[in-house]
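What follows is a short report on a single structure.
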Amino acid sequence: MIEEVSKEIERLRDEMVQTLVELIKIPALSPDYGGEGEYDKAQKLLEIIKDWPFDKVEVYEAPDPRAKNGVRPSIIAYYYGQERDKRLWIITHLDVVPPGEGWTVTEPFKPIVKDGKVYGRGSEDNGQSLVASLYAVKAMMNLGIRPKRTIILAFVSDEETGSKYGVEWLIKNHPELFKKDDLILVPDGGNSEGTFIEVAEKSILWFKLKVKGKQVHASMPDKGLNAHRVALDLAYHLDKFLHEKYDKRDELFDPPESTFEPTMVKNPASSPNIAPGEHELVFDCRVLPEYNLDEVLEDVKRIADEVRERYKKDDLPRIEVEILQRLDAPKPTDPNSEIVKLLKEAIKRLRGKEAKVGGIGGGTFAAFFRKLGIPAVVWATLDEMAHQPNEYAKIDNMVEDAKVMAALALL
């Protein structure tokens, strides 16, 4: 039966490509990025599947006044299995990141098909897997096959900016949707061979350091307090301290150590001869699960206090620590859980390869399910083009992943 479904997926290849192209055209950007959200893309997806024989399709709308029509939609589509209560979720996301700079193959939201790839923003992240999950089910529908277990496809909003209006909102407002014995696949990470199954994630902490000094002409620095200099000192000592203290390695992860990366900077100086009175700096921290993020934050604040004392001048500088995002890593999915075993078996059967189990530094919404004690894995076959200019989805990856997804429901 797996072979029969795989052949049907191959027959649907061109239709899969066209569906991906149509979805890429719609820029589902979060209001956090200045976009209108996912509404139009959700409507397009509903239009595509309106005549498909799903047993049930539900739309959930998280309120967000910034978004188009004031909502951030998520779609859940059910295709019942022979054993209806045994359920496999495949969860992908509708939203994409902003285009960024450096596109040369095509414009970000004008997809093209070239050399076996579909180029465009959101093609790999997460359009490739979204379409693969759709056609894994459509192939069975076309053949009149009911899988062993029920397949539930979820297409959710707001993955790229924290899931407050997506998976997290669904779990908080509709906890009845998810059951402890569900199996969950999040196809939003992996490697180019399709042999890496992610069962664990590092904790994620994004924080902003806001330094307030006193702007002054650069020729008379003693009459003010250069916030840029204070921030440079703070960034240097903080970066050094965090790497030295939180230095354990866990070979389950790649990279195996915690990472603390200064990323965004901002100050209002508009001329070379202005010593700025304000400066902002952002750190992106991916911390091994054995460490406590509260302790990391305490260290950040303590070092900020030490730097403040070094430059103290009247009531300046002032240093504020603002948390932009925090996700504490849950307990990993058991490498011997049913979803891991099934995925390994499907990969072995369809590709003749042994899959490896491990952890990553990036965050996915698998973490939300692990916190509930529901086993979730992250897997896909990806060229790791996410968030890059000239992002593409390899068509072969999309088609072959659809076969594995179908096999998960049939085994």
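Residues: numbered from 1 along the sequence shown. Model, not experiment: these values are computed from the prediction.
The ring-ring contact (aromatic ring centres under 6.0 Å, His included) test applied to Tyr60 returns His174, not counting sequence neighbours. Residues passing the side chain to side chain contact (heavy atoms under 4.5 Å, CB included) test with Arg146 are Asp55, Tyr79, Tyr80, Gln82, sequence neighbours excluded. Under the salt bridge (charged side-chain N to carboxylate O under 4.0 Å, His left out) criterion, Asp401 pairs with Arg351, not counting sequence neighbours. Scanning for ring-ring contact (aromatic ring centres under 6.0 Å, His included) contacts around Trp206 gives an empty result, with sequence neighbours left out. Here Gln388 pairs with nothing under the side chain to side chain donor-acceptor pair (under 3.5 Å) rule; sequence neighbours left out. Contacts of Phe155 classified as ring-ring contact (aromatic ring centres under 6.0 Å, His included), with partners at least two apart in sequence or in another chain: none. Residues forming a ring-ring contact (aromatic ring centres under 6.0 Å, His included) with Phe283 (at least two apart in sequence, or on another chain): Phe207.
Sorted by first and then second residue, the ring pair (Phe, Tyr, Trp, His ring centres under 6.0 Å) pairs with a member in residues 315-349 form an empty list; sequence neighbours excluded. Among residue pairs with one or both ends in residues 171-180, those qualifying as salt bridge (charged side-chain N to carboxylate O under 4.0 Å, His left out) are Glu168-Lys172; sequence neighbours excluded. Residues in residues 327-356 take part in no ring pair (Phe, Tyr, Trp, His ring centres under 6.0 Å) pair, two or more places apart or across chains.
A cation-pi geometry, defined here as NZ or CZ lying under 6.0 Å from the six-membered ring centre and within 45° of its normal, does not hold between Lys68 and Tyr39. Both cation-pi conditions hold for Lys56 and Tyr78: the charged atom is under 6.0 angstrom from the six-membered ring centre and inside a 45 degree cone around its axis.
The neighbour count for Lys214 NZ, taken as heavy atoms of other residues, nucleotides or ligands under 6.0 Å away, does not exceed 12. Within 6.0 Å of the CZ atom in Arg302, the count of heavy atoms belonging to other residues, nucleotides or ligands exceeds 12. At most 12 heavy atoms of other shown residues, nucleotides or ligands fall within 6.0 angstrom of atom NZ in Lys266. Taking a 6.0 Å sphere around NZ of Lys164, one finds it holds 12 or fewer heavy atoms contributed by other residues, nucleotides or ligands. Counting heavy atoms of neighbouring residues, nucleotides and ligands inside a 6.0 Å radius, atom CD of Glu306 exceeds 12 of them.
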Listed pairs under 3.5 Å, donor-acceptor, residues 356-367 side chains, sequence neighbours left out:
from   : atom 1 : to     : atom 2 : distance (Å)
Thr364 : OG1    : Glu201 : OE2    : 2.4
Thr364 : OG1    : Ala366 : N      : 3.2

Would you give me the side-chain donor-acceptor pairs under 3.5 Å for residues 253-263, sequence neighbours excluded?
from   : atom 1 : to     : atom 2 : distance (Å)
Glu257 : OE1    : Arg249 : NH1    : 3.0
Ser258 : OG     : Leu288 : N      : 3.0
Thr263 : OG1    : Val282 : O      : 3.3

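A donor atom on one side chain and an acceptor atom on the other are found under 3.5 Å apart for His93 and Asp125.
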query = Could you walk me through whether Arg349 and Glu3 pass the side-chain contact (heavy atoms from CB on, under 4.5 Å) check?
reply = CA-CA 10 Å; Arg349 182 162 175 173; Glu3 291 75 14; 3.6 Å; yes
